[in-house]
Asker: 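The structure is given below, and queries will be raised subsequently.
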Amino acid sequence: MDELVNSIEALSDALLKIEDERSWNAAAELRNALAIEQAALALGDESLVARAQLCQANMRLRSGDVAAASAQIWQVHQWALSHDDRRLMARTHLVWSYIHQHLSDAEQALEQAVLAVELLDGDATTHMHIWHRTKLADALWAAGSMDAARIRYQQAEQLAVETGSPALLCLLNNYAYTEFDTGNQKRAEEVADRLLLLADERGEKLEPAYLDTVGWIQIGNGRFADAEATMHKCIERHEEGRYDAADALAMYLLTLARAQRGLGAYQRAQSTLDTSRGMCLERDLGDLLVRVHQEQAELHAAQGAFAEAFEAHKVFFSAYQSRHSLQREARTRTRQAMFETDEARQEAERFREQARRDQLTGLHNRRFVDERLPELIQSDPALTVALVDLDHFKQINDRLSHSVGDQVLVAVADLLARGVAGACPDGFAARIGGEEFLIVLPSTNPRRARTILDNIRRSVRAHDWAPITHGLPVTVSIGVAVSDEVPAPTQPTLLSTADSRLYAAKHAGRDRVVSATDHRGGTRGHAAHASAA
């Protein structure tokens, strides 16, 4: 690293290699990141220091030192916040997502993964756009939202294909595994086949871990002979020496034993399993040893040796309970390291608030709505909700620019927020997607709500848009729903009702408010003129 000391650009390139390139040697990359930090300190470059520290935290996490990674990442994120370094913030949130996955906290892992994607902008690298979406998909799967995960996997895959990214193989591996784990065997096999085909087309050797995924899927689909061949190839590739994960070979042997059991090759399976067990004991691979005990019980049962299977199962269950207890203790230590200072707790609260805010407008986002609105619906029979949509917003983006469109969204959001705050302090406005907003007015009767919403509509139309849009008008259409007009109201039914009335407002000419009375009476609505811009 000595040759990098005098070059900020070289240090930045060296860090980018750690940040954006897959490496199997976490210990070596940690040493590199420590050396880069010292060089950056000598040059007085705080940004490089923070990036190097984040790389260190990530490598410590990959090496299993979760508590140390958690402690280090706080200061990196604080620096990124104070210097408005969005790219560094995006990376810190992704590492936080990894940490929460380790803690089995799927909700927090998802929250951090969402923030990691929301912070991506033009300064983010192509790898970040691909990998952050991939990890968001992983987090969605872990949280039980596989349909949503598929969308993100597909987005990441499309971008990786378009850019020729080497991350494509890894994301397909993750995608295939999540489909398999969710029980979608056919989808898993389709993705695994794409992975194999792509590697063949590119002339690349698949990493052993990817072949292990393929082997698991083949076993799940009853293709035991194919799985055995795949795992032999996997082990051969591992023995090339490029991959240094301590538990890897023992894990691959376990998968091979499962394939051999499926074939009915019980002697081969037992021999393979014995080798895996020996490695687990030699290298203290406790978690994997639990799975070896489980497979031993399955192997005995497959041969009809049910007494031996029962004994092996007892060993498995005892080992499982012991490892579960140790994991729980380790997670407790990590949580203590994360929250042992007031500053850490304050930052955690800030993270939670950030996760519920739209990055562009500062309004609450869909996540906040999904948390808050159901509570209000249950407790407030006089609740009014309104969907607000900008009229002809595509014209602004197409004729002016998306940057101008963003300025319009920010200005409209401010008008909505001020209109709600002035008339209904307990209410709130949220951006729920694109140019669509939601206004929630608790304890507000329909007549009063109608007045508030029409005043907001008028404030948007009357705003001085000339400095931003140079003559293009900006108006909104609003569809209204009241809690007590919907039998057994829920969030979906209320929003659907409001959406149908928003559609009526658009159909009737835009720049108007449509509520229950208007909808029954033919969508007359409040509007300043017969046809809107």
Side-chain angles (χ1 to χ4, degrees), residues 10-30 32-33 36 51 54-55 58-59 61-63 87-88 90-91 94-95 97-98 113 116-117 120-139 141 149-180 188 190-217 230 233-234 236-245 248 252:
L11 285 176
S12 181
D13 289 344
L15 281 171
L16 188 62
K17 186 174 181 180
I18 298 174
E19 293 164 339
D20 276 9
E21 292 186 15
R22 182 175 175 85
S23 170
W24 280 90
N25 196 332
E29 296 296 13
L30 176 59
N32 288 339
I36 291 173
R51 286 174 59 191
L54 180 59
C55 288
N58 192 23
M59 295 307 152
L61 177 63
R62 287 179 51 190
S63 300
R87 185 160 80 167
L88 189 59
R91 291 189 189 276
L94 193 66
V95 176
S97 182
Y98 295 155
V117 171
L120 297 176
D121 57 18
D123 291 331
T125 66
T126 299
H127 176 82
M128 289 177 69
H129 281 285
I130 295 168
W131 193 239
H132 287 219
R133 284 173 173 80
T134 300
K135 298 314 291 181
L136 173 56
D138 291 349
W141 154 71
R150 288 189 189 101
I151 295 172
R152 274 67 183 191
Y153 282 128
Q154 290 160 7
Q155 289 173 347
E157 182 179 354
Q158 181 178 353
L159 182 56
V161 169
E162 290 172 353
T163 59
S165 169
L168 179 55
L169 294 176
C170 191
L171 82 85
L172 286 175
N173 173 77
N174 289 21
Y175 186 10
Y177 179 81
T178 56
E179 291 286 11
F180 171 77
E190 289 171 354
V191 179
D193 286 345
R194 287 212 304 277
L195 174 63
L196 293 168
L197 179 62
L198 179 67
D200 186 59
E201 289 175 348
R202 290 186 171 186
E204 297 183 29
K205 288 184 176 181
L206 281 181
E207 296 179 9
Y210 304 166
L211 289 169
D212 186 55
T213 299
V214 174
W216 270 83
I217 292 169
T230 296
K233 184 185 296 183
C234 167
E236 289 172 6
R237 203 149 289 173
H238 173 83
E239 290 174 349
E240 293 174 2
R242 295 176 55 206
Y243 312 99
D244 65 351
Y252 303 151

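In this chain, numbering begins with 1 at the start of the sequence shown.
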Asker: Can you give me the closest heavy-atom contact between Gly164 and Arg202, atom names plus distance?
Answerer: C-NH2, 3.9 Å
Asker: Any chance the side chains of Gln158 and Glu162 put a donor and an acceptor closer than 3.5 Å?
Answerer: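 Checked: Gln158/Glu162 side chains pair up, N/O donor to acceptor below 3.5 Å.
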Asker: Rounded at 0.5 Å granularity, tell me how far CG in Leu15 sits from CG in Leu54.
Answerer: 9.5 Å
Asker: In the structure I gave you, are the side-chain heavy atoms of Leu120 and Arg133 within less than 4.5 Å of one another anywhere?
Answerer: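 SC-SC contact between Leu120 and Arg133 confirmed.
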Asker: Do NZ/NE/NH1/NH2 and the carboxylate oxygens of Glu29 and Arg62 come within less than 4.0 Å?
Answerer: no
Asker: Less than 4.0 angstrom from a charged side-chain N to a carboxylate O is my criterion; do Asp20 and Arg91 meet it?
Answerer: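 Salt bridge: yes.
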Asker: Going by the angle between their ring planes, with limits at 30° and 60°, are Tyr153 and Tyr175 parallel, tilted or perpendicular?
Answerer: parallel
Asker: Determine whether Thr213 and Ile217 make a side-chain contact, defined as any pair of heavy atoms from C-beta on separated by less than 4.5 Å.
Answerer: yes
Asker: So, do Lys135 and Asn174 sit near enough that their side-chain heavy atoms are less than 4.5 Å apart?
Answerer: yes
Asker: If you look at every heavy atom in Lys205 and Glu240, which pair is closest and at what distance?
Answerer: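 In this case the closest contact between Lys205 and Glu240 is NZ-OE2, 3.1 Å.
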Asker: Any chance you could measure Arg237, atom CZ, to Tyr252, atom OH, to the nearest 0.5 Å?
Answerer: 11.5 Å
Asker: Could you tell me the separation between the CZ atom of Arg51 and the CZ atom of Arg87, rounded to the nearest 0.5 Å?
Answerer: 5.5 Å
Asker: Does any part of the side chain of Ser12, heavy atoms only, come nearer than 4.5 Å to the side chain of Leu16, both counted from C-beta?
Answerer: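 Of all side-chain heavy-atom pairs linking Ser12 with Leu16, none is under 4.5 Å.
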Asker: Hey, can you tell me if His127 and Trp131 have their rings parallel, tilted or perpendicular (30° and 60° cut-offs)?
Answerer: parallel
Asker: If you compare all heavy atoms of Ala176 against all heavy atoms of Ala188, which two are closest, and at what distance to 0.1 Å?
Answerer: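 So the two residues come closest at O-CB, 3.6 Å.
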Asker: Drop me the distance from Leu168's CG to Thr134's OG1, to the nearest 0.5 angstrom.
Answerer: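 Going from the CG atom of Leu168 to the OG1 atom of Thr134 covers 9.0 Å.
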Asker: Which atom pair, heavy atoms only, marks the closest approach of Met59 to Ala26?
Answerer: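 Minimum heavy-atom separation between Met59 and Ala26: CB-O, 3.7 Å.
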Asker: What's the separation between atom CG in Asn32 and atom CG in Asn25, rounded to the nearest 0.5 Å?
Answerer: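 Interatomic distance, Asn32 CG to Asn25 CG, rounded to 0.5 Å: 9.0 Å.
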Asker: Please report the shortest heavy-atom distance between Ala160 and Leu171, naming the atom on each side.
Answerer: CB-CD2, 4.0 Å
Asker: Give a yes or no on whether Tyr98 atom OH has more than 12 heavy-atom contacts from other residues, nucleotides or ligands under 6.0 Å away.
Answerer: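 Yes, the 6.0 Å shell around OH holds more than 12 heavy atoms from other groups.
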Asker: How long is the straight-line distance from CG of Leu195 back to OH of Tyr210, given to the nearest 0.5 Å?
Answerer: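 Here the interatomic distance stands at 8.0 Å.
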Asker: Looking at Ile18 and Ala33, what are the two nearest heavy atoms and their distance?
Answerer: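 Nearest pair, atom of Ile18 first, then Ala33: CD1-N, 4.2 Å.
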Asker: Determine, stepwise, if the pair Thr163 / Leu159 fulfils side chain to side chain contact (heavy atoms under 4.5 Å, CB included).
Answerer: CA-CA 6 Å; Thr163 59; Leu159 182 56; 4.0 Å; yes
Asker: For side chain to side chain contact (heavy atoms under 4.5 Å, CB included), just list the numbers for Glu157 and Arg194, CA-CA rounded to whole Å, side-chain angles, deciding distance to a tenth of an Å, and then say yes or no.
Answerer: CA-CA 11 Å; Glu157 182 179 354; Arg194 287 212 304 277; 2.9 Å; yes
